[in-house]
Amino acid sequence: GKLRKTLRWAWRLTYLSAAGLVGYTCLIVYQDRYPEPQFEPDPSKKTLVILGTGWGSVALLKKLDTENYNVVVVSPRNYFLFTPLLPSCTTGTIEHRSIMEPVRAILRHKKAAVKFYEAEASSIDPDRKVIKIVDNSEIKGATSETEIPYDMLVIGVGAENATFGIPGVRENSCFLKEIGDAQRIRKKIMDCVETAAFKGQTPEEVDRLMHMVVVGGGPTGVEFAGELQDFFEEDIKKLVPEISPHFKVTLIEALPNVLPSFSKQLIDYTENTLREEKIDIKTKTMVKRVTDKTVEAEISRPDGGKERVEIPYGLLVWATGNAVRPIVKDLISRIPAQKDSRRGLAVNEYLVVQGTRDIWAIGDCAVAGYAPTAQVASQEGNFLGRLFNNMAKTENHEARIQELSSKMNLQGGNSAEAAREIESLEKQLRRMKDIKPFRYSHQGSLAYIGSEKAVADVSWWNGNLATGGSLTYLFWRSAYLSMCFSTRNRVLVILDWLKSKAFGRDVSRE
Ligand code: FAD
Ligand code: NAI
């Protein structure tokens, strides 16, 4: 009798929590679908122009009280991209739209309306305080180039792919930074497979086509290599068995090891796991030239000598990190205080671009002493959001104090009520003006390494925890799921994971 009672209660509790979860999700979905009406901001307020819709700019927009400014967002991409799951899109484990969030949907949820222009900022004139924008999309209207004046400007344009001027890279390899890159890789993998399976193909050509080369052993290269090997083991091998003995993934890294930013223990664990997965790791190997079918690299031998090798490939993915965008280079050349900036815009501890007054920079295009990661960019964006909210409040308080003081002067200075209000406002102002500079708080690094294993270097209490394996993989999945931009993204990603597990990845080539 007691057991039955307990079971009944357990059942009721489960039922109630499930109903609560469904109810909560419905509420979020409803709020998402039917946001409150928006109002137009006061045109006399300052114009705040934000460049980019990536990690930094979107974190800023999320935090910003848009009613305090006339906010204008400019980006050639009308969506936010959740980059940590981008490597999973190259093989179809996740469909690309599941990790995109339309910027229009993000902006629609702000209290006051925000203008969005799908365009690229082509230059910034800090003297005239204007930016030039260009619509580079396929469809053009009567104008496709114009200027926007700003009072305050935030640059969050990210970075472009580094090639170090190595010949042939741009023409022959795929990068992995944007949605288009992931789609291109997905198509190319299957093109290589189908071409290798073509009737009468020579064995050398099958070997070349099935050789997938990844250059750069940073987190992007490692995660992609892991995803690719999974794709082969779980799907390609079953569907196209005749080419499977020829399939090979090679990861090339110039330094002595992969994942240089992780701890030694995790580097060893990653390299061992990749080798177990049959990924060929070539460290101390620097790519010097790329042709349409081969990669030429220089291997540093243990005796100090160098050896030049030629590696044939079918697919080449280039993931050697970041380079400065042309718009940022152009701005650097216009500001004398930035003459020594090489890796991006040097900013001070409030993220103000050094040598300017009303320009801030965040994320991969800013040099603030931190790694170019999503974590840093979003914390910087969040900081600026709070800073700007505070600045607007400060200005409102100062205006109110001015108004009250002049009223008091007119009335002969004996309004006790106004004096009390001024005193309270001044107290609040002192607190508001005491804004602490930006400080990055590192939550840890995570990377997927294939065969349902991940590595994590996370801050734990006051120390560090370095772990790798299948449990870490579950942690990796739940951490990234919780970080997805919206409930819609979260639901889509879960469905994609279930779909690819149950039915296999979709190998059709669009
Ligand atoms: P981005 O997010 O790159 O955004 C830049 C924005 O500016 C884009 O919207 C772009 O369209 C726009 N833009 C470009 N040019 C112009 C212009 N001229 N005018 C106006 N707008 C412009 N970091 C982590 O911390 N954890 C991870 O797991 C992780 N995984 C990653 C996986 C991959 C495959 C990649 C490529 C990166 C990953 N990163 C990760 C790094 C992270 O994505 C970047 O550090 C982050 O995106 C930087 O944010 P950002 O806002 O500076 O730039
Ligand atoms: P990266 O800069 O971290 O790594 C690039 C690697 O390419 C370096 O190790 C470099 O030695 C190597 N390389 C450069 N030129 C080479 C050549 N010619 N031949 C062979 N190897 C060469 O770049 P990545 O991986 O694109 O990451 C960029 C940023 O994004 C980093 O800050 C990274 O931390 C972050 N990121 C984080 C992820 C995560 O936390 N899971 C995932 C992806 C990126």
Side-chain angles (χ1 to χ4, degrees), residues 49-60 73-90 103 117-124 131-134 136 155-164 166 169 175-178 181-182 214-224 251-262 282-290 295 297-298 318-322 325-328 330 344 361-366 370-378 380-381 443-449 454-457 476 479-480 483:
V49 175
I50 300 171
L51 304 185
T53 45
W55 278 97
S57 303
V58 164
L60 158 63
V73 179
V74 177
S75 176
R77 202 172 81 182
N78 80 343
Y79 56 87
F80 165 74
L81 173 63
F82 187 76
T83 47
L85 291 179
L86 191 62
S88 303
C89 295
T90 58
V103 73
Y117 298 120
E118 192 194 70
E120 204 168 299
S122 56
S123 69
I124 299 164
I131 61 162
K132 197 184 263 177
I133 66 166
V134 192
N136 282 328
I155 307 174
V157 297
E160 60 175 33
N161 296 293
T163 64
F164 308 104
I166 297 171
V169 175
F175 297 115
L176 181 50
K177 200 167 189 58
E178 297 290 342
D181 299 331
V214 185
V215 182
T220 305
V222 167
E223 290 195 326
F224 170 68
L251 180 61
I252 301 180
E253 167 58 52
L255 296 176
N257 54 268
V258 300
L259 291 188
S261 57
F262 281 67
K282 288 194 191 306
T283 49
K284 293 190 187 167
T285 306
M286 167 98 74
V287 173
K288 296 281 186 184
R289 207 170 90 91
V290 172
V295 158
E298 196 175 76
W318 193 266
T320 62
N322 293 344
R325 285 203 191 276
I327 182 170
V328 173
D330 177 61
I362 50 179
D364 286 2
C365 66
Y370 308 109
T373 66
Q375 245 187 99
V376 171
S378 61
E380 288 177 342
Q443 305 298 308
S445 310
L446 276 170
Y448 180 62
I449 57 172
V455 286
D457 250 335
W476 175 86
Y480 282 166
M483 280 183 239

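Below, all heavy atoms of this structure are taken into account, side chains as well, without hydrogens, waters or symmetry copies. For reference, positions follow the sequence shown, starting with 1. Start at 1 and go down the list; that is how both ligands and their atoms are numbered.
- Checking S88, G156, C89, A479 against atom 5 (C) of ligand 1, the nearest heavy atom belongs to G156.
- Heavy atoms of P260 found under 4.0 angstrom from ligand 2 belong exclusively to the side chain.
- Contact of the I252 side chain with the V287 side chain is registered, since non-hydrogen atoms from C-beta on lie closer than 4.5 Å.
- Ligand 2 has no nitrogen or oxygen under 3.5 angstrom from a nitrogen or oxygen of V215.
- Scanning the protein heavy atoms around atom 43 (O) of ligand 1, the nearest turns out to be T83 OG1, 2.6 Å.
- Note on R77 versus E178: salt bridge recorded, some NZ/NE/NH1/NH2 to OD/OE distance being below 4.0 Å.
- When each atom of ligand 1 is checked for a heavy atom of V74 under 4.0 Å away, the hits are 20 (C), 21 (N).
- Atoms of ligand 2 found under 4.0 Å from any heavy atom of T285 (numbered from 1 in listed order, with element): 19 (N), 20 (C).
- Of the protein's heavy atoms, P219 CB, 3.4 Å lies nearest to atom 38 (C) of ligand 2.
- P372 O, 3.9 Å is the protein heavy atom nearest to atom 31 (C) of ligand 2.
- In this structure, atom 53 (O) of ligand 1 lies nearest to the protein heavy atom G158 CA, 3.4 Å.
- Looking from atom 30 (N) of ligand 1 to the surrounding protein, the closest heavy atom is P84 CA, 3.5 Å.
- Note: an N/O pair closer than 3.5 Å links P372 and ligand 1 by distance alone.
- With E298 contributing its side chain and M286 its backbone, the two residues share no donor-acceptor pair below 3.5 Å.
- Here the heavy atom of the protein found nearest to atom 18 (N) of ligand 1 is A121 O, 2.9 Å.
- A heavy-atom distance below 4.5 Å is not found between the side chains of N257 and F262.
- Residue contact check: M286 has heavy atoms under 4.0 Å from atoms 17 (C), 18 (N), 19 (N) of ligand 2.
- Heavy atoms of Y480 found under 4.0 angstrom from ligand 2 belong exclusively to the side chain.
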Kindly determine whether K177 and E160 satisfy salt bridge (Lys or Arg N to Asp or Glu O under 4.0 Å), including the steps that lead there.
CA-CA 8 Å; K177 200 167 189 58; E160 60 175 33; over 6 Å; no

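- Nearest protein heavy-atom neighbour of atom 24 (P) of ligand 2: T220 OG1, 3.3 Å.
- Across N322, V214, V222, heavy-atom proximity to atom 28 (C) of ligand 2 is greatest for N322.
- Ligand 2 lies nowhere less than 4.0 angstrom from a heavy atom belonging to P84.
- Closest to atom 46 (C) of ligand 1 by heavy atom, among Y117, Y448, F175, W55, is W55.
- Residues V328 and V157 have side chains in contact (heavy-atom distance under 4.5 Å, counting atoms from C-beta outward).
- No part of E223 comes within 4.0 Å of ligand 1, judged by heavy-atom distances.
- Within the 4.5 Å cutoff, the side chain of I449 has heavy atoms near those of the V222 side chain.
- Across the listed options E253, K177, K288, K282, E253 owns the non-hydrogen atom lying nearest to atom 8 (C) of ligand 2.
- Residue Y79 places no N or O, backbone or side chain, under 3.5 Å from any N or O of ligand 1.
- If you number the atoms of ligand 1 from 1 as listed, the ones under 4.0 Å from a heavy atom of T53 come out as 6 (C), 8 (C), 9 (O).
- For ligand 1, the atoms sitting less than 4.0 Å from at least one non-hydrogen atom of E120 are 17 (C), 18 (N), 19 (N), numbered in the order shown with element in parentheses.
- The heavy atom nearest to atom 22 (C) of ligand 2, out of those in V455, V376, T320, is found in T320.
- At a 3.5 angstrom cut-off on N or O pairs, S57 does not count as close to ligand 1.
- Heavy-atom proximity to G218, at under 4.0 Å, picks out these atoms of ligand 2: 3 (O), 4 (O), 6 (C), 25 (O).
- At under 3.5 Å, not a single nitrogen or oxygen of A447, backbone or side chain, sits near a nitrogen or oxygen of ligand 2.
- The option from V287, V295, T83 that lies nearest to atom 19 (N) of ligand 2, judged by heavy atoms, is V287.
- Of the candidates T373, I133, V103, V157, V157 brings a heavy atom nearest to atom 16 (C) of ligand 1.
- A donor-acceptor contact shorter than 3.5 Å links the side chain of S378 to the backbone of Q375.
- When hydrogens are left out, the protein atom nearest atom 1 (P) of ligand 1 is G54 CA, 3.9 Å; that is the closest non-hydrogen contact.
- Of the protein's heavy atoms, L446 O, 3.3 Å lies nearest to atom 39 (C) of ligand 2.
- Shown in contact with Q375 at under 4.0 Å from a heavy atom are these atoms of ligand 1, numbered in order with element: 25 (O).
- Of the protein's non-hydrogen atoms, D364 OD2, 3.4 Å is the one closest to atom 44 (C) of ligand 1.
- Given atom 25 (O) of ligand 1, the protein heavy atom at minimum distance is A374 N, 3.0 Å.
- The backbone N or O of A162 sits less than 3.5 Å from a side-chain atom of T320, completing a donor-acceptor pair.
- Residue A159 places no N or O, backbone or side chain, under 3.5 Å from any N or O of ligand 1.
- Using a 4.0 angstrom heavy-atom cutoff, Y480 counts as in contact with ligand 1.
- The nearest protein atom to atom 7 (O) of ligand 2, hydrogens excluded, is given as G216 CA, 3.3 Å; this is a heavy-atom distance.
- Contacts between F164 and ligand 2 below 4.0 angstrom, taking non-hydrogen atoms only, involve the side chain exclusively.
- Side chains of E380 and Y370 form a contact here, defined as non-hydrogen atoms less than 4.5 Å apart.
- Using a 4.5 Å heavy-atom threshold, the side chains of T83 and W55 count as touching.
- Near L255, meaning under 4.0 Å from one of its heavy atoms, ligand 2 places the atoms 11 (O).
- Which parts of ligand 2 touch I166 is read off a 4.0 Å heavy-atom cut-off, strictly below it: atoms 18 (N).
- Nearest to atom 2 (O) of ligand 2 by heavy-atom distance, out of G321, A254, S261, is G321.
- Between P256 and T283 there is no side-chain heavy-atom pair separated by less than 4.5 Å.
- Counting protein heavy atoms only, atom 10 (C) of ligand 1 is closest to S75 OG, 4.1 Å.
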